[in-house]
Protein chains: 2
Amino acid sequence: MKKSRNTRQRGVILDILKESGAHPTAEMIYREARRVIPNISLGTVYRNLNCLREQGVVREIRPSDGGSSRFEGLHMPHAHFHCTRCNGLLDIPLPEFLETARFDDVAKIAAISSIDLHVIGSCSNCASPETH
Amino acid sequence: MKKSRNTRQRGVILDILKESGAHPTAEMIYREARRVIPNISLGTVYRNLNCLREQGVVREIRPSDGGSSRFEGLHMPHAHFHCTRCNGLLDIPLPEFLETARFDDVAKIAAISSIDLHVIGSCSNCASPETH
DNA sequence: GTAATTGCAAAAGATTTGCCCCATT
DNA sequence: AATGGGGCAAATCTTTTGCAATTAC
């Protein structure tokens, strides 16, 4: 792994990620970052996200409905709930069962590096519009 | 939902999907389909895959490592194992726990339409190269 | 000083779409 | 005959990359 430098751009991107609970897209991070560094480029945002992902500092989530990738600062293991109506992405607890799952019965699996659980449906806001 | 016609193209695409256990990409399906309908177009493959997906006949899987979508004819509920070395995608059983999971503890979830479980790691072929 | 990083713009890759003709119903 | 679907090519969208200038170390 290459030596990594502490650029202002990288710091700002990380801060945005840490402070946002919204699982922003690269584009959203870009717009946010421009408020601090007006001439930061989208390419830089992508390059930094990739770099941070490789360092394990950031996780990339590819929504099953085909939109752009969304990113989050890495905290505890958790699963995601994706509302197909408002397109919201929400952290939810990872069932304990999965934290220790072995999948020993599947001979083809030699080693597990990570487990992604995505629950798709509609959130309570979208399901009960009268509460808006 | 629009009325759907039985075109030769759609039939061939479905057959390919049913017969292949490889979770092919649109491009792979296209190449395969051309052996039967030499002038079928890639656009047609995509349009049919979308249409079949909307009908619930086909499932689309977006690999977490960022490549193109992969498709499968819909059978029993199952999870996927993704080998990051050979890029293989494998059906694995869905833990029974998840088949009936309710996630009652997450107030934000109003309704669940589907659950995607992806296990990422390396398969036995890739882990033990001496057995090749 | 050196190598990583940036901004910019062009390129690449995947998927969608407009248009006009053809085929299924 | 009506209209959904097909082929082709152009367009779109997201992400990556080449390059020359800049900056962190």
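Below, chains carry the letters A, B, ... as their sequence lines are ordered, and counting in each starts from 1.
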Colleague: Specify the separation, in whole Å, of atom CG of A:D65 and atom P of C:dT15.
Modeller: 14 Å
Colleague: Could you tell me how far apart B:R8 (CZ) and C:dT24 (P) are, to the nearest whole angstrom?
Modeller: 10 Å
Colleague: So, is A:T44 near the phosphate of C:dG7, with a side-chain N or O under 4.0 Å from OP1 or OP2?
Modeller: yes
Colleague: Using only side-chain N and O atoms of B:S69, determine if any of them is under 4.0 Å from OP1 or OP2 of C:dT15.
Modeller: yes
Colleague: Could you check whether B:T25 gets within reach of a base, just the sugar-phosphate, or nothing at all, counting any heavy atom under 4.0 Å?
Modeller: nothing
Colleague: For A:E27 and A:R47, find the nucleotide of DNA chain D closest to each by heavy atoms; which residue's nucleotide sits nearer the 5' end?
Modeller: A:E27
Colleague: Quick one: A:R10 CZ to C:dT6 C1', roughly how many Å, whole number?
Modeller: 11 Å
Colleague: Grab the CG-P distance between A:L42 and C:dA11 for me, whole Å please.
Modeller: 18 Å
Colleague: Apply the test side chain to side chain donor-acceptor pair (under 3.5 Å) to residues B:N50 and B:R53: give CA-CA distance (whole Å), side-chain angles for both, the deciding distance (0.1 Å), then the verdict.
Modeller: CA-CA 5 Å; B:N50 282 340; B:R53 172 164 48 69; 2.5 Å; yes
Colleague: Test your reading of the model: is there a side-chain donor-acceptor pair from A:R85 to the backbone of A:C123, 3.5 Å cut-off?
Modeller: no
Colleague: Measuring to OP1 and OP2 of C:dT16, would you say a side-chain N or O of B:N50 lies under 4.0 angstrom away?
Modeller: yes
Colleague: So, OP1 or OP2 of C:dT6: does either fall under 4.0 Å of a side-chain N or O from A:N48?
Modeller: yes
Colleague: Under a single-linkage definition using a 4.5 Å side-chain heavy-atom cutoff for Ile, Leu, Val, Met, Phe, Trp and Tyr, are A:L74 and A:I13 assigned to the same hydrophobic cluster?
Modeller: no
Colleague: Please identify which of these residues, A:D116, A:I112, A:L117, meets the side chain to side chain contact (heavy atoms under 4.5 Å, CB included) condition with B:V119.
Modeller: A:I112
Colleague: What is the distance from CD1 of B:I29 to P of C:dT15, rounded to the nearest Å?
Modeller: 10 Å
Colleague: Taking the nucleotide of DNA chain C with the closest heavy atom to each, which residue, B:F71 or A:S4, is nearer the 5' end?
Modeller: A:S4
Colleague: Could you state the atom-to-atom distance from CG of B:L52 to P of C:dT15 in whole Å?
Modeller: 16 Å
Colleague: Starting at the 5' end of DNA chain C and moving along, which residue's nearest nucleotide shows up first, B:G43 or B:N6?
Modeller: B:G43
Colleague: Under 4.0 Å from any heavy atom of chain A: name the first and the last nucleotide of DNA chain D that qualifies, 5' to 3'.
Modeller: D:dT14 to D:dC25
Colleague: Hey, is the side chain of A:Q9 poking within less than 4.0 Å of OP1 or OP2 on C:dG7, counting only N and O atoms?
Modeller: yes
Colleague: Nearest 0.5 Å, what's the OG-CE distance between B:S68 and B:M28?
Modeller: 9.5 Å
Colleague: Can you see which heavy atom on B:V45 is nearest to which on B:A26, and at what distance?
Modeller: CG1-O, 3.7 Å
Colleague: Would you kindly give the OH-to-P distance between A:Y46 and C:dA10, to the nearest whole Å?
Modeller: 18 Å
Colleague: Quick one: B:R62 CZ to C:dG13 C1', roughly how many Å, whole number?
Modeller: 13 Å
Colleague: When you measure from the side chain of A:R70 to the backbone N and O of A:A22, does any donor-acceptor pair fall under 3.5 Å?
Modeller: yes
Colleague: Checking only heavy atoms, does the side chain of A:R5 share a donor-acceptor pair with the base of C:dA3 at less than 3.5 Å?
Modeller: yes
Colleague: Any idea how A:H23 and A:H80 line up, ring-wise: parallel (<30°), tilted (30 to 60°), or perpendicular (>60°)?
Modeller: perpendicular
